[in-house]
Amino acid sequence: MSRLQVVSGKGGTGKTTVAAALALALATEGKRTLLVEVEGRQGIAQLFETEALPYEERKIAVAPGGGEVYALAIDPELALLDYLQMFYKMGGAGRALKKLGAIDFATTIAPGLRDVLLTGKACEAVRRKDKAGRFVYDYVVMDAPPTGRITRFLNVNDEVAGLARIGPIHNQAQAVMRVLKSSETAVHLVTLLEEMPVQETADGIAELRSARLPVGRVIVNMVRPEVLDAADLELVRSVPRAAVAKSLSSAGLGGARRGGNAERLVSPLLTQADEYAERHTLEHEQRAVLQELELPVHELPLLAEGMDLAGLYELAGGLREQGLT
């Protein structure tokens, strides 16, 4: 299993939720996982029902079997100060620059620099070892930018290495790309069984492969339960309205005993059935598209009660059962 798990997806597909569930799943049985947020939305804190994350690694959950999940919200400005101290020993000078607003200016006008700092911090966590030579974290899970930006986000260090051909910036960029383009990394894409998210997923996978970035798996989120099978759907198309009304009356629904009219129930019921049949067909078509991508596909259910901490643990269990850990 790759040690850096990058999770991306079209907006609205629940990629942050999947990243959090994956971090919990990977932390099972005594493992330690770091969950990294790079977009500044504090979505991880909301999911784990905790206060806003600072720029420090903080334990936020305990997984089944005693594993631990830590979380980090990367602040580009503070990451740049770390960078200046690490490679140029400019800790004091960097803080002075921050007071003058130069750090904020640099990270705002140069979005590529922000991405270098964000990916660099995550890769540093992947490589970090303790005094005994063991990795501090068994896994690092990154809640990454959406699919439309993921390839450029991950590949930015390649561009930097080409621009800065010598020195610490070049060396750091190359070190980051060695992690991102190796078997240590897997980029997972989250989608829904809908046409636009599936198409964006297919396009994102093509871009990642073109950039030689390691694609992991496709995770279909918020899958609705199947309430009608193929035989039921055929009945929806073929059974006469009168027969449906008669069956409702026989069941005591809308019949004389209740003073109602079974016929009144037929239209809304058949409308619902038609809508379900249409959605079922669409989902079947989108599953076929995903299968053509030749990647492992996993599905997570739509939780009827909505997403809370208990639901997050439920999704983590589902990922474990499907062999994603």
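Computed from heavy atoms alone, side chains included, the values below leave out hydrogens, waters and symmetry copies.
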What's the spacing between [X] [atom1] and [Y] [atom2] if we round to 0.5 Å?
X      : Y      : atom1 : atom2 : result
Glu200 : Glu207 : CD    : CD    : 9.0 Å
Ile205 : Leu293 : CD1   : CG    : 4.5 Å
Tyr139 : Leu4   : OH    : CG    : 12.5 Å
Met1   : Ser183 : CE    : OG    : 12.5 Å
Lys31  : Asp138 : NZ    : CG    : 5.0 Å
Leu189 : Leu208 : CG    : CG    : 6.0 Å

With a 4.5 Å cut-off on side-chain heavy-atom distances among I, L, V, M, F, W and Y, is there a chain of contacts connecting [X] to [Y]?
X      : Y      : answer
Leu192 : Val223 : no
Leu309 : Ile44  : yes
Leu180 : Val7   : no
Tyr55  : Leu35  : no
Leu26  : Leu300 : yes

Next on the checklist: Between Leu72 and Glu57, does the side-chain contact (heavy atoms from CB on, under 4.5 Å) criterion hold? Intermediate values first, please.
Outcome noted: CA-CA 5 Å; Leu72 169 66; Glu57 292 155 26; 4.0 Å; yes
Is it the case that more than 12 heavy atoms not belonging to [X] sit under 6.0 Å from its [atom1] atom?
X      : atom1 : answer
Arg209 : CZ    : yes
Lys181 : NZ    : yes
Met196 : CE    : no
Glu195 : CD    : no

Check [X] against [Y] and note the closest heavy-atom contact, atom names and distance.
X      : Y      : answer
Ala45  : Ala52  : CB-CA, 4.1 Å
Ile150 : Ser8   : CB-OG, 3.7 Å
Thr147 : Lys10  : OG1-N, 3.0 Å
Val136 : Arg32  : O-CD, 3.2 Å
Ala61  : Leu24  : CB-CD2, 4.1 Å
Tyr137 : Val140 : CB-CG2, 4.4 Å

So do [Y] and [X] actually touch side chain to side chain, heavy atoms under 4.5 Å?
X      : Y      : result
Met142 : Val38  : yes
Met307 : Leu303 : yes
Leu53  : Gln42  : yes
Leu213 : Thr151 : yes
Thr33  : Tyr70  : no
Thr191 : Asn221 : no
Leu154 : Val187 : yes
Thr17  : Leu315 : yes

Next on the checklist: Determine whether His298 and Val220 satisfy the following criterion, side-chain contact (heavy atoms from CB on, under 4.5 Å), listing intermediate values before the conclusion.
Outcome noted: CA-CA 6 Å; His298 304 269; Val220 183; over 6 Å; no
Checklist entry - Do the rings of His280 and Tyr276 sit parallel, tilted or perpendicular, given the 30° and 60° boundaries? => result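 Taking Tyr276 first and then His280, their aromatic rings sit tilted (interplane angle of 30° to 60°).
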Item to check | Arg41 and Thr16: CA distance, side-chain angles, deciding distance, side-chain hydrogen bond (donor to acceptor under 3.5 Å, both in side chains) verdict | outcome: CA-CA 10 Å; Arg41 296 184 295 105; Thr16 299; 2.8 Å; yes
Item to check | Full working for side-chain contact (heavy atoms from CB on, under 4.5 Å) between Arg224 and Arg279 | outcome: CA-CA 10 Å; Arg224 299 175 187 179; Arg279 179 167 61 82; 2.9 Å; yes
Decide, yes or no, whether a salt bridge links [X] with [Y] under the criterion of side-chain N to carboxylate O below 4.0 Å.
X      : Y      : answer
Lys15  : Asp143 : yes
Arg128 : Glu124 : yes
Glu299 : Arg287 : yes

Donor-acceptor contact present, side-chain [X] to main-chain [Y], <3.5 Å:
X      : Y      : answer
His188 : Val218 : no
Arg3   : Val126 : yes
Ser182 : Arg178 : yes

Next on the checklist: Please evaluate residues Val141 and Gln5 with respect to the criterion side-chain contact (heavy atoms from CB on, under 4.5 Å), reporting the C-alpha separation (whole Å), side-chain torsions for both, the decisive distance (0.1 Å), and the verdict.
Outcome noted: CA-CA 5 Å; Val141 178; Gln5 305 277 313; 4.1 Å; yes
Item to check | Residue among Glu51, Glu37, Glu68 satisfying salt bridge (Lys or Arg N to Asp or Glu O under 4.0 Å) with Arg58 | outcome: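 With Arg58 as partner, salt bridge (Lys or Arg N to Asp or Glu O under 4.0 Å) holds for just one option, Glu51.
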